Amino acid sequence: MAAVLPNPASNAAMPGLARALLQAGRLPAQQADALNKKATAEKTPFIDVLLQSGSIDSRSLAIFCSETFGYPMLDFSVFNVHTLPEKVIDAKLMQSQRVVALAKRGNKVSVAISDPTNMQALDQIKFQTELTVEPVIVEHSHLLQLIEKLGQSAEENLTELIGDDLENIDFVEDDLAVPTEQGGMTDIDDAPVVKFLQKILIDAINLGASDLHFEPFEKFYRIRFRVDGILREVAQPPLAIKEKLASRIKVISKLDISEKRVPQDGRMKLVMSKTRSIDFRVSTLPTLFGEKIVMRILDATQAQMGIEALGYDPDQKETLMNAIQRPYGMVLVTGPTGSGKTVSLYSCLNILNKPGINISTAEDPAEINLPGVNQVNINDRAGLTFPVALKAFLRQDPDIIMVGEIRDLETADISIKAAQTGHMVFSTLHTNDAPATLTRLMNMGVAPFNIASAVILITAQRLARRLCTCKQTTSIPDEALLEAGFKEDDLDGTWLPYRPVGCERCSGSGYKGRVGIYQIMPISEAIEQIILTHGTALEIEAQARLDGVKTLREAGLVKVKQGLTSLEEVLGCTNE
């Protein structure tokens, strides 16, 4: 392999490819400078200007890059393009950076590229795929032809779905789909934008997405799904569709279609069958280039999965079930946004939801519809706040009360008094772990003796991505396992950690679904004494350890040992 000499300071502003050709004597300095200035003025990649000038042909350039930079070269004329892996690199990155994924093996991806000095492209692929990138040199002309072919194929599929005369679609309210008495829709269902939206929603549900993001930008419009906690781009419809798609979503979400200057919140429902419907919580946000819309999928069937499906260990499940079956007291769930707190609470409510029990919930907003439970949406503008709703609940002869979130002292005080006067109260807080929840309540101003007498159990939780069935065992040094939190007794040689691999089922990520990691901390007499003496979170945590309570990290390592998730995933979602 020919060595590339250090770059002269005078050539520092030149692209890497120009410097390599200059140093190899394949391009005169004056010509290299002229081509570079032309590329800058036209805002065109240097390689395009270079080949257009006739200074070097496409094949000779590919051979030069392969020999100079030491990367293998591939002749596309003998390559079967039908074997290319799908969805490894998204279409936007492929088009903008002129790259194509050739093959994926384990944690490595081979990428066709014509300019190996384009480090931005390689870095973006590595960031997006989280894989090791192996460049393969191809002729620039052949690469552009392939990208154009792949792009046309994607564009044809989109045009086939939504029609190619988008500008002629009018969003007049009277013409929009309206449910009929038979539960069907009017003939607007034939409209391309409506079909496109329905397909996007169904795709999101089938992929198990939790959120959909519709994002307008100056030059493009993209749609992303959050699947297993990670955002992934799924479509880039034509920019012309953004206003019409936003209008469609706003109308069926009962939002003001004419108001585009302020954020709005609404809800919509998609009927999947006679026995299943999916609710969506819709939020709009004015941005520089249009309204960004985020839709949260609220699937009521999640609350009916049962405690077993959430990932509680047997001893954790027993402790939790004993607590929620108590006649009165307070159970708190803590964790960051998107950690599954609402699903955990509703799973508990679903167990307790019986004809002889009166359950009321106050939420902002109610995310999961649970028949048999009286659910109230908080409306601050109308004066229906958490404290107002709680005071009303206490006059409604409740057995169980669920407060969506304790945000202030007044809400905390009323909730604790309800727990002290014969009611079971469930609620959530945003803290890092279970011990910190108690000090958070004290910092809010709740009297320690009220906390000690009311709170009976706190559960902290995280969601880790679950390994797909394509997982493989991997060897990790004992030192690294011990540093992560495993004990010497755990390293007995009877098990090996698993790593993600990637297959069609998991779209190459190596993960499919999520598993809960839980810290279940019942309030023992010893912890009550620490609370009464204004103890710190560290003192509470130390006592909890003596009581046998696992930390979130320790609970996560159990999932690693069981082969449910990877060590990297647990280290990423727990901190010690």
Side-chain angles (χ1 to χ4, degrees), residues 210 265-272 274-281 296-310 312 317 320-335 339-380 382 384-407 411-412 414-419 421-429 454 456-457 459 461 516:
S210 61
D265 294 305
R267 289 177 75 103
M268 58 174 283
K269 178 175 288 190
L270 182 66
V271 178
M272 302 292 290
K274 291 183 178 179
T275 58
R276 187 186 181 199
S277 63
I278 308 291
D279 286 328
F280 295 82
R281 190 178 74 198
R296 165 69 58 89
I297 298 179
L298 310 172
D299 190 353
T301 58
Q302 290 182 324
Q304 299 165 4
M305 292 189 302
I307 291 291
E308 295 79 7
L310 297 182
Y312 287 95
K317 176 189 168 187
L320 178 62
M321 293 301 293
N322 289 338
I324 68 173
Q325 299 287 354
R326 297 264 293 269
Y328 58 89
M330 176 180 278
V331 172
L332 296 172
V333 181
T334 182
S339 60
K341 299 188 297 295
T342 301
V343 172
S344 294
L345 281 177
Y346 268 94
S347 297
C348 294
L349 291 180
N350 195 46
I351 293 171
L352 302 172
N353 187 16
K354 298 174 183 176
I357 303 293
N358 178 20
I359 303 176
S360 297
T361 73
E363 302 165 81
D364 185 20
E367 295 191 357
I368 298 174
N369 180 24
L370 194 58
V373 174
N374 306 290
Q375 297 171 273
V376 174
N377 266 336
I378 296 303
N379 187 341
D380 289 327
L384 181 54
T385 60
F386 278 115
V388 170
L390 282 172
K391 289 174 183 176
F393 286 169
L394 295 176
R395 296 191 292 268
Q396 294 271 318
D397 186 29
D399 295 301
I400 297 170
I401 295 172
M402 197 268 270
V403 184
E405 181 184 351
I406 293 178
R407 300 174 179 171
T411 305
I414 299 172
S415 301
I416 283 178
K417 286 173 184 174
T421 54
H423 307 93
M424 174 57 71
V425 178
F426 296 94
S427 190
T428 70
L429 274 89
I456 58 175
L457 181 137
T459 171
Q461 63 184 70

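Note that this is a predicted model, so its numbers are computed, not measured.
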From L345 CG over to L332 CG, what is the distance, rounded to the nearest 0.5 angstrom? 9.0 Å

From E363 CD over to I378 CD1, what is the distance, rounded to the nearest 0.5 angstrom? 9.0 Å

Report yes if some heavy atom in the side chain of S427 is under 4.5 Å from a heavy atom in the side chain of M330; otherwise report no. no

Closest approach of Q396 to N358 (non-hydrogen atoms, all atoms of both residues): O-ND2, 3.0 Å

Does T411 use its side chain to pair, donor to acceptor, with the backbone of I406 at less than 3.5 Å? no

Roughly how far, to the nearest 0.5 Å, is CZ of F280 from CG of L298? 8.5 Å

What's the shortest heavy-atom distance between S415 and V403, and which atoms? OG-CG2, 3.7 Å

Just so I know, are the side chains of V425 and F393 near enough to count as touching, which here means a heavy-atom distance under 4.5 Å? no

Between D265 and R281 (side chain of the first, backbone of the second, donor and acceptor by atom type, cut-off under 3.5 Å), is there such a pair? no

For residues N377 and A366, report the shortest heavy-atom separation together with the two atoms involved. OD1-N, 2.6 Å

Output for pair (L349 CG, T342 OG1), nearest 0.5 Å, gives 10.5 Å

Would you say T421 and H423 make side-chain contact, with heavy atoms under 4.5 Å? yes

Report yes if some heavy atom in the side chain of Y312 is under 4.5 Å from a heavy atom in the side chain of S344; otherwise report no. yes

For K417, what residues pass the salt bridge (charged side-chain N to carboxylate O under 4.0 Å, His left out) criterion, not counting sequence neighbours? none

Listed partners of E405 passing salt bridge (charged side-chain N to carboxylate O under 4.0 Å, His left out), at least two apart: R407

Is S360 close to V376 at the side-chain level, that is, under 4.5 Å between some pair of heavy atoms? no

So, T428 side chain and G404 main chain: donor-acceptor pair closer than 3.5 Å or not? yes

Worked verdict on R326 versus V331 for side chain to side chain contact (heavy atoms under 4.5 Å, CB included): CA-CA 10 Å; R326 297 264 293 269; V331 172; over 6 Å; no

Compare every heavy atom of A454 with every heavy atom of I416, then report the nearest pair and how far apart it is. CG2-CB, 3.7 Å

Hey, what do you get for CZ (F426) to OG1 (T361), rounding to the nearest 0.5 Å? 12.0 Å

Can you see which heavy atom on Q375 is nearest to which on L370, and at what distance? OE1-N, 3.2 Å

With rounding to the nearest 0.5 angstrom, report the CD1 to CD1 distance, I401 to I359. 11.0 Å

Are the side chains of I414 and F386 in contact, using a 4.5 Å heavy-atom criterion? no

Given side chains that start at C-beta, do those of D399 and K354 come closer than 4.5 Å, heavy atoms only? no

I351 and Q325: which non-hydrogen atoms are nearest, and at how many Å? CG2-NE2, 4.2 Å

